[in-house]
**Q** 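Mind having a look at this structure? Questions to follow.
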Amino acid sequence: MLSRALTAKPRKNPKNEDQDPQQGYTTSSFNDYEDCIVGFMQDLALVRCGHDRKCLGCGEGLSHLTLRGVLRGSVGVIGESRLGMTEKVVLLGGKVCAVKRFRKVSSGSREFGKRIEHLAKVSEKSEYLVPVIAYLYAKRIKFVLSDYYPMGSLADLLVGARQHGHTALDWNQRLTIVVHIARAIAFIHEQYPPYDKKMQMNVHGSIRVCHVMVNIDFSACLSDYGFTQLAEPVEIANTWPMVKSPCWQQITPYSDELSQKSDIYNFGVILLDVLAGPKGLRMTKGAKEKKEGLKLEGGSEFFEFAVKEGKERRQVSRVLDIAFACTNAKPEARPSIEEIHCYLLEIL
């Protein structure tokens with residue numbers, strides 16, 4: 001079946017490849033199956049999000065952008081999750097984009113289109129959300145096209161410094177990213193009406209370090225807004241080597257619940273990761289006494305970057321307090337994003 005061409009191992013005939021449902025899904029890049037996909041189905045035009053959206057570097061619109069063009073422009077996989085795979089794509093005019101290809105979509109074409117277009121309309125109103133440019137819904141492939149960020153995700157930057165010796169983010173850069181994430185969440189949580197197009201619009205649903213995209217000036221945008229309401233998570237088989245995003249390289253205590261309090265909890269997890277990496281993530285399950293002791297003793301060795309005395313130390317301490325409040329085991333005890341944003345503004 002052609003659908004297996006999107007999930008089977010490369011260089012095998014998809015018509016002869018059986019997939020054991022107990023093993024989950026295996027993965028492959030667009031490049032592995034371009035000839036097979038295009039050979040079996042007619043070329044399809046992408047649906048543009050927004051009336052005046054320009055995509056190509058030469059200023060052309062998206063009316064000519066097709067499935068074949070996206071497939072042939074694929075450079076490689078840059079991230080992966082249970083929802084789908086993200087690939088870097090260079091379009092005809094030289095514009096670089098990111099394609100999020102979903103593994104399993106349960107809604108029909110019309111419903112999927114309505115949801116994507118509504119999410120795109122909301123996203124373009126905030127500079128702190130990654131805009132959705134276009135989408136495609138076909139029988140065997142569903143994906144969205146969005147802006148690409150050369151610096152990659154916050155997860156890429158953190159893992160690059162920890163595991164590959166790249167230059168680590170300094171405190172001011174980390175604080176800027178944290179504030180921008182908070183602004184993105186605040187924008188989402190204030191959406192009204194909260195329910196529209198059969199979606200909960202005032203919840204992100206998947207706040208992770210790998211969904212925080214960073215610009216060259218270290219400003220940040222939040223991606224994947226509402227995507228958990230577009231596709232279903234799928235277990236991935238471990239029987240075939242995959243290119244995984246840094247989010248998969250460590251077990252992180254994120255919440256999968258679709259609620260504002262869950263968004264707040266996940267924001268707290270990001271704060272702990274930004275402050276202290278794996279040591280910080282372990283604090284989400286640590287005893288209250290350990291957290292209190294850390295604050296009383298100063299805990300300079302806890303952080304993964306050098307903390308200067310004075311204003312910087314006070315800022316770091318306040319952000320740590322916010323992280324602990326956000327990851328409170330009792331959802332009702334967690335602060336609102338409005339409170340968090342106010343706390344952050346006070347320490348700038």
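Keep in mind that this is a model prediction, so the values were computed, not measured. Positions are given from 1 along the sequence.
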**Q** Dump the intermediate steps for side chain to side chain contact (heavy atoms under 4.5 Å, CB included) on Val47 and Glu117, then the final yes or no.
**A** CA-CA 9 Å; Val47 180; Glu117 291 178 10; 3.7 Å; yes
**Q** Hey, which of Val179, Ile185, Ile181 is the one that makes side chain to side chain contact (heavy atoms under 4.5 Å, CB included) with Arg183?
**A** Val179
**Q** Can you tell me if Asp156 uses its side chain to pair, donor with acceptor, with the backbone of Ser153 under 3.5 Å?
**A** yes
**Q** Which donor-acceptor pairs under 3.5 Å do side chains of residues 189-199 form with protein atoms, sequence neighbours excluded?
**A**
| residue | atom | partner | partner atom | Å |
| --- | --- | --- | --- | --- |
| His189 | NE2 | Asp263 | OD2 | 3.0 |
| Gln191 | NE2 | Phe187 | O | 2.9 |
| Asp196 | OD2 | His118 | NE2 | 3.1 |

**Q** Does Tyr265 offer a backbone N or O that forms a donor-acceptor pair with the side chain of Arg334 under 3.5 Å?
**A** no
**Q** So, for Asp224 and His211, which heavy atoms are closest and what is the spacing to 0.1 Å?
**A** OD2-NE2, 3.2 Å
**Q** For residues Leu83 and Ala231, report the shortest heavy-atom separation together with the two atoms involved.
**A** CD2-O, 3.5 Å
**Q** Does Ile340 belong to the same Ile/Leu/Val/Met/Phe/Trp/Tyr cluster as Val316, with side-chain heavy atoms less than 4.5 Å apart forming each link?
**A** yes
**Q** CG of Leu145 to CG of Leu136: how many Å apart, nearest 0.5 Å?
**A** 10.0 Å
**Q** Give a yes/no verdict on a cation-pi contact between Lys142 and Tyr137, requiring under 6.0 Å between NZ or CZ and the six-membered ring centre and an angle within 45° of the axis.
**A** yes
**Q** Side chain of Glu304, backbone of Leu275: donor and acceptor closer than 3.5 Å?
**A** no
**Q** Starting at CZ of Phe218, measure out to CZ of Arg174 and round the result to the nearest 0.5 Å.
**A** 10.5 Å
**Q** Going through the distances and angles, do Arg48 and Ile133 end up as a side chain to side chain contact (heavy atoms under 4.5 Å, CB included)?
**A** CA-CA 6 Å; Arg48 181 178 60 179; Ile133 299 172; 5.9 Å; no
**Q** Check whether more than 12 heavy atoms from other residues, nucleotides or ligands sit under 6.0 Å from atom NZ of Lys114, and answer yes or no.
**A** no
**Q** Between the side chain of His164 and the main-chain N/O of His166, is any donor-acceptor distance below 3.5 Å?
**A** no
**Q** For Ala168 and Gln173, which heavy atoms make the closest approach, and how far apart are they?
**A** O-OE1, 4.4 Å
**Q** Hey, quick one: are Val269 and Met213 part of the same hydrophobic cluster, counting side-chain heavy atoms closer than 4.5 Å, chains of contacts allowed?
**A** no
**Q** Checking Asp43 side chain against Arg68 main chain: does a donor-acceptor pair fall under 3.5 Å?
**A** yes
**Q** Kindly give the heavy-atom pair with the smallest separation between Leu67 and Leu46, and that separation in Å.
**A** N-CD1, 3.6 Å
**Q** To the nearest 0.5 angstrom, please state how far the NZ atom of Lys104 sits from the OG atom of Ser106.
**A** 7.5 Å
**Q** Spell out, as yes or no, whether a donor-acceptor pair under 3.5 Å connects the side chain of Thr66 to the backbone of Ala45.
**A** no
**Q** Measure the shortest side-chain to side-chain distance between Asp256 and Thr228 over non-hydrogen atoms and say whether it is less than 4.5 angstrom.
**A** no
**Q** Check for a donor-acceptor pair, side chain of Thr176 on one end and backbone N or O of Asn172 on the other, with a separation under 3.5 Å.
**A** yes
**Q** With hydrophobic residues grouped by side-chain heavy-atom distances under 4.5 Å, do Met201 and Val144 end up in a single group?
**A** yes
**Q** Check whether any side-chain heavy atom of Asp147 sits under 4.5 Å from a side-chain heavy atom of Lys95, and report yes or no.
**A** yes
**Q** Can you confirm whether Cys49 sits close enough to Tyr135 that some side-chain heavy atom of one is under 4.5 Å from a side-chain heavy atom of the other?
**A** yes
**Q** Mark yes or no for whether Arg101, through its side chain, and Thr86, through its backbone, hold a donor-acceptor pair below 3.5 Å.
**A** no
**Q** Just so I know, are the side chains of Ile264 and Ile337 near enough to count as touching, which here means a heavy-atom distance under 4.5 Å?
**A** yes
**Q** What is the minimum heavy-atom distance between Ser146 and Pro131, and which atoms define it?
**A** CB-O, 3.3 Å
**Q** Got a sec, which residues hit side chain to side chain contact (heavy atoms under 4.5 Å, CB included) with Asn215, two or more places apart in sequence or on another chain?
**A** Tyr149, Asp217, Ser219, Cys221
**Q** For the side chain of Gln163 and the backbone of Gly160, is there at least one donor-acceptor N/O pair under 3.5 Å apart?
**A** no
**Q** Which distance, rounded to the nearest 0.5 Å, do you find between the CG of Leu222 and the NE2 of His180?
**A** 12.5 Å
**Q** Could you check whether any side-chain heavy atom of Met283 comes within less than 4.5 Å of a side-chain heavy atom of Phe302, counting everything from C-beta outward?
**A** yes
**Q** Any Lys/Arg nitrogen of Glu232 or Arg82 sitting under 4.0 Å from an Asp/Glu carboxylate oxygen of the other?
**A** no
**Q** State yes or no: do Val212 and Tyr128 share one hydrophobic cluster built from I, L, V, M, F, W and Y residues joined by side-chain heavy-atom distances below 4.5 Å, directly or via other members?
**A** no
**Q** When you compare the side chain of Arg313 with that of Lys308, does any pair of heavy atoms fall below 4.5 Å?
**A** no
**Q** Classify the ring geometry of His204 against Tyr225: parallel below 30°, tilted from 30° to 60°, perpendicular beyond 60°.
**A** tilted
**Q** Is there a side chain to side chain contact (heavy atoms under 4.5 Å, CB included) between Leu91 and Cys97? Walk through the geometry before answering.
**A** CA-CA 7 Å; Leu91 301 177; Cys97 294; 3.7 Å; yes
**Q** Below 4.0 angstrom, N of the basic side chain to O of the carboxylate: do Glu80 and Arg103 qualify?
**A** yes
**Q** Are there over 12 heavy-atom neighbours, none belonging to Leu345, within less than 6.0 Å of that residue's CG?
**A** yes
**Q** Supply the atom-to-atom distance Gln260 CD to Ile188 CD1, rounded to the nearest 0.5 angstrom.
**A** 10.0 Å
**Q** Do Phe305 and Leu169 have side chains that approach each other closer than 4.5 Å (heavy atoms only, starting at C-beta)?
**A** no
**Q** Out of curiosity, does Leu175 fall in the hydrophobic cluster containing Ile177 (side-chain heavy atoms, cut-off under 4.5 Å, transitive links)?
**A** yes
**Q** Would you give the length of the straight line joining atom NZ of Lys100 to atom OG of Ser223, rounded to the nearest 0.5 angstrom?
**A** 7.0 Å
**Q** Show the nearest heavy-atom pair for residues Leu344 and Ala182, with the distance to one decimal.
**A** CD1-CB, 3.7 Å
**Q** Might you work through the side chain to side chain contact (heavy atoms under 4.5 Å, CB included) test for Leu258 and Gln229, ending with a clear yes or no?
**A** CA-CA 9 Å; Leu258 188 65; Gln229 300 179 76; 3.8 Å; yes
**Q** Hey, are the side chains of Ile78 and Tyr148 touching, using non-hydrogen atoms and a 4.5 Å cut-off?
**A** yes
**Q** Salt bridge (charged side-chain N to carboxylate O under 4.0 Å, His left out) between Arg115 and Glu111: does it pass, once the steps are laid out?
**A** CA-CA 6 Å; Arg115 294 186 179 191; Glu111 183 65 30; 3.0 Å; yes
**Q** Show the numbers, then the answer: is there a side chain to side chain donor-acceptor pair (under 3.5 Å) between Glu257 and Ser255?
**A** CA-CA 6 Å; Glu257 182 184 341; Ser255 169; 4.6 Å; no
